[in-house]
Amino acid sequence: MESQTKNEIKDLIESNLRQRGIGNPNPIKLGRCIKELERIYGIRDGSSGKQKILDSNNLSLKQTDLAEKLGMSMQTLQNYKLLADMIPELSDLVDTGTHADLFNM
């Protein structure tokens with residue numbers, strides 16, 4: 001993917017998150033957006049050794065930088081990412097709001 005295209009996608013996702021706010025009614029989609037931003041920025045566990053997209057100050061971003069940029073704590077960012085990786089059955093329960101019914105059985 002061209003660098004310009006990656007920057008356009010990054011800008012669209014970041015703009016979308018800012019407009020909808022962190023209180024997005026679908027936390028799973030928010031987690032997926034965060035994971036996509038990490039992919040675009042080249043944020044990984046450890047160094048990939050690949051060229052990363054730089055921020056406006058020409059510095060590569062870390063996960064803490066992304067959390068700050070999105071206005072959330074690292075723990076919140078990581079929790080959203082965990083929601084994005086849930087198995088489909090759990091994801092469906094969170095989406096439909098029926099997860100509370102499991103505890104009333």
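How far NZ of K69 is from CG of L37: 9.0 Å, rounded to the nearest 0.5 Å. Here CG of N79 is found 7.5 Å from OG of S73. Values are rounded to the nearest 0.5 Å. Here CG of L30 is found 4.0 Å from CD1 of I34. Values are rounded to the nearest 0.5 Å. The structure places CG of L12 at 11.5 Å from CD of E36, a figure rounded to the nearest 0.5 Å. Expressed to the nearest 0.5 Å, how far OH of Y41 lies from CD of Q63 amounts to 13.5 Å. The distance from the OG1 atom of T5 to the NZ atom of K10 is 13.0 Å, given to the nearest 0.5 Å.
Cluster membership for L77 and M86, using ILVMFWY side-chain heavy atoms within less than 4.5 angstrom, is shared.
The salt bridge (Lys or Arg N to Asp or Glu O under 4.0 Å) search around E38 returns K81, not counting sequence neighbours. Every residue meeting the side-chain contact (heavy atoms from CB on, under 4.5 Å) condition with E89, not counting sequence neighbours, appears here in chain and number order: I87. Take K35 and apply the side-chain hydrogen bond (donor to acceptor under 3.5 Å, both in side chains) test, not counting sequence neighbours, and it matches D85. Considering only residues two or more places apart in sequence or on other chains, D65 meets the side-chain hydrogen bond (donor to acceptor under 3.5 Å, both in side chains) condition with none of them. With sequence neighbours excluded, no residue forms a side-chain hydrogen bond (donor to acceptor under 3.5 Å, both in side chains) with T64. E8 meets the side-chain contact (heavy atoms from CB on, under 4.5 Å) test with Q4; sequence neighbours excluded.
Nearest heavy atoms, I43 versus L61: CG1-O, 3.5 Å. The two residues A84 and I28 make their nearest non-hydrogen contact at CB-O, 4.0 Å.
When side chains are defined from C-beta on, M72 counts as touching Y80, because their heavy atoms get closer than 4.5 Å.
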